[in-house]
Structures are given as structure tokens and as C-alpha cells.
Q: 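Pasting in a structure now, in C-alpha cells, and then I'll have a few things to ask.
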Amino acid sequence: MISKYKKYFSFFGILAATVDRKMQSFYCSMDSIISNNLPKIIKLLLSKVLKPIKLYSTNNI
């Protein structure tokens, strides 16, 4: 006798699909924010580069 079983969505399957969709949306929004602001961030970091106070020191210790 061939048993036929019905395929139902499990609770965990629905939960995993929902979480995957939410995480994908979150990552897409973060990627969009980063790609739009990356030139500003790079410009800010380059302007804040640490520079030595004195190029030539008189104290040779």
C-alpha cells in the first residue's frame, strides 16, 4: 500500500523564510547606506590622518 502524506509548511520553515527575508532586507538597506556614504566617509578619514607634530627632531635619543 502506498502511503500519501500531505506536505504542510512547518512552523520552523515559515519562521526561517520570514527571518531570511527580513535579514536580506536589512542587509540591502545597510549596503545602500554604506555605498551612498562611502565617499564622504573616505574623505573624512583622509582629512583626519594623523600627522607628526615635528618632522625633524632636535633630540636624537
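As the structure is a computational prediction, the values presented were derived from the model and not from experiment.
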Q: Tell me whether Asn36 contacts the main-chain N or O of Ser32 through its side chain, where contact means a donor paired with an acceptor under 3.5 Å.
A: yes
Q: Could you see if Ile34 belongs to whatever hydrophobic cluster contains Leu45? Use Ile, Leu, Val, Met, Phe, Trp, Tyr and a side-chain cutoff under 4.5 Å.
A: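 The answer is no; the residues belong to distinct hydrophobic clusters.
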Q: Please identify each residue that fulfils side-chain contact (heavy atoms from CB on, under 4.5 Å) with Met30, with sequence neighbours left out.
A: Phe26
Q: Going by the rule side-chain contact (heavy atoms from CB on, under 4.5 Å), which residues pair with Ile42 if we only count those two or more places apart in sequence or in a different chain?
A: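 Here the qualifying residues are Leu38, Leu46.
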Q: Checking Ile14 now: which residues fulfil side-chain contact (heavy atoms from CB on, under 4.5 Å) with it, not counting sequence neighbours?
A: Phe9, Thr18
Q: Going by side-chain heavy atoms closer than 4.5 Å, which hydrophobic residues are tied to Ile33, directly or by a chain of links?
A: none
